[in-house]
Amino acid sequence: MWEYSDKVKEHFLNPRNVGEIENPDGVGEVGSLSCGDALKLTFKLDEAKQKIIDAKFKTFGCASAIASSSALTEMIKGLDLEEAARITNEDIADYLGSLPKEKMHCSVMGREALEAAIANYRGVALPMAEGELVCECFGVTDLEIKRAVEESNLRTVEEVTNFTKAGGGCGKCQERIQELINEVRKTGKPKIIPMSGPKRLTNIQKIKLIEDVFEREVRPTLKKDGGDVELLDVDGDFVIVSLRGSCASCAKSQTTLKEYIEKKLREQVLDTLIVEESRL
Amino acid sequence: MSGAERVIYMDNNATTMVAPEVLAAMLPYFSELYGNPSSMHNFGGQVGRAVRAAREQIAALINAEPEEIIFTSCGTESDSTAILAALQAQPGKRHIVTTRVEHPAVKNLCRGLDTLTGHKHRVTELPVESDGTLDLQRYEDSLEDETAIVSVMWANNETGVIFPIEEMAKIARNRGILFHTDAVQAVGKIPIDLSAVPVDFLSLSGHKLHAPKGIGVLYVRKRTPFVPFLIGGHQEHGRRGGTENVASIIGLGKACELATRHITKENTTVRALRDKLEKGLLEKIPNSLLNGHKTQRLPNTANVSFEYVEGEAILLHMDRFGICASSGSACTSGSLEPSHVLRAMGVPFTAAHGSIRFSLSVYNNEDEVDFVLTKMPGIIANLREMSPFWQGK
């Protein structure tokens, strides 16, 4: 039997804020049935879109998953988005007194759902889902592992499993996890794209994210038709590109630009971006 | 987490209550009757005679000879002893046939044999059907000249599904292959007659049949090649060193005598209670399903999955009412994956994480079953209300 703190038991048996907000401002869904736990977080902002005035959750999972979700909703109510974005899994665990070490991944799931919900509101892509898939059993990427190692100062594969579940299934990826631990501990800070909203995206960050979307989705699609695209500049919300190959001479190039490229970037980087073709 | 006034114990496949008669039989061996059964004086000799009587009681339950009973510390030791003995006694044979649903005592031993022994082994883990049963033809086809031993459980601890050990042991016997069965869950719950079932080794464990923890038995059929696991003194005819765990042996003897008397009750009264519980759960709770074969099953076990909710959360809510059971969910085990048994049966994840095993005993009654049936629908509904997967169901 797990030794749960009184606060975990209390939140499990009397969970706060169960349910789903209608017309929420942000929705975050993480986990899956096959993983054994999943959390859907919804929140509502005030009129000025500054503060979280309501938050609700639905959770499939064990006592600590339910308690972590309940705690999370209590913690974020009344916070502005910037404050909420700074909540870590350790904060959730602390709020609950403590969590058994094997259950830390429940607090990580809470933080991930919160990040996903904020990203959903801001219309940005979550960087954590990108990266190399390390644990196939639980769908955990190298970025998520590195982040957990860095943030919670993890030293062993077992600790990584406790926090992220990675390596807890077939165990095939445990060597790779050890390599990632070594990497982070050697270089200090891992290179991780920070979770940030429109106000905080620097030009460099925008360029990086746009390049990523281009490499991953846009260019492969265009190349199928013999076309290509190059990012020339980013100025505020203006994304200046140059269409190449068959795209350059295509009658539908404006449609490609607006309907396809701009749409992709708005979905995945920032919903205020405007894509323009270079007139040079 | 339990603040419940009474305990409703439906987790008898995990462990059982020590029967009051068993405890009473044991107590003198902790106090006045402390002699060593090997001693020459009568003070020890009387203890030796009591151990001999217990050995006869145990042999009687499974219709074996007393000298075929070796006392061990637990079911796990019995399993290890049998499998390692078979391998050491037949150094040329390095193939083992077992199943995907074995208890970790067998599964993990077989998987770790190469490291343990320094020799390369091949292990065939037979798959099971979706109802947890085995394909006999497939079993027969898996046997090779190089097969040292077959190790197949008599009944599964999680689902209660019973394997056709008599038929399987006969097939192995005809091929000259040793046969071991982990009968920890079967002994005391269903009749076992080793004069008709040609197994060479059988493991049983005291605490699963109302004797205390820390006592097990390995049955080794006469003339079966054997190599001891614990080497030491002459105890157990040199087949297992170490001074006898006298009080527990006496307790196990008493428990086997009680089991001989209760075996009918297990298969009538306990079965009826289990059936009522199972039927009630399946009827009262939508999206619930039975894991395991409907009839080819221990009379005391019901493994039911409640879709879209998680087992640990269910158990902890049950615990508030004093109801004790188990789950095949990942979260209860400390591992992150649900039960290897349910996964081998192909139970979908929607159901595997929400599986609850109820295992009854002769000490349960109908009031308790009724109480569980009044509480479970609310518990499941409450958790489903919270589940993101339950929407619109």
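Computed from a prediction, not measured in an experiment: that's the story for all the values here. Residue numbers start from 1 in every chain, and the chains themselves are labelled A, B, ... in the order their sequence lines are given, proteins ahead of strands.
- When all heavy atoms of A:Gly61 and B:Ala313 are compared, the pair lying nearest together is O-CB, 3.5 Å.
- The part of A:Ser32 that comes within reach of chain B is its backbone (N, CA, C, O), which places non-hydrogen atoms under 4.5 angstrom from that chain.
- Every residue was checked against the side chain to side chain donor-acceptor pair (under 3.5 Å) condition with A:Asp142, not counting sequence neighbours, and none meets it.
- Contacts of A:Cys137 with chain B are made by side-chain atoms alone, with heavy-atom separations under 4.5 Å and no backbone atom involved.
- Heavy-atom distances place no part of A:Pro100 under 4.5 Å from chain B, backbone and side chain included.
- Under the ring-ring contact (aromatic ring centres under 6.0 Å, His included) criterion, the residue pairs touching residues 50-72 of chain A are A:Phe60-B:Phe389, with sequence neighbours excluded.
- Counting heavy-atom neighbours within 6.0 Å of B:Glu385 CD, excluding the residue itself, gives a total of 12 or less.
- Residue contact with chain B, scored on non-hydrogen atoms closer than 4.5 Å, involves the side chain of A:Glu20 exclusively.
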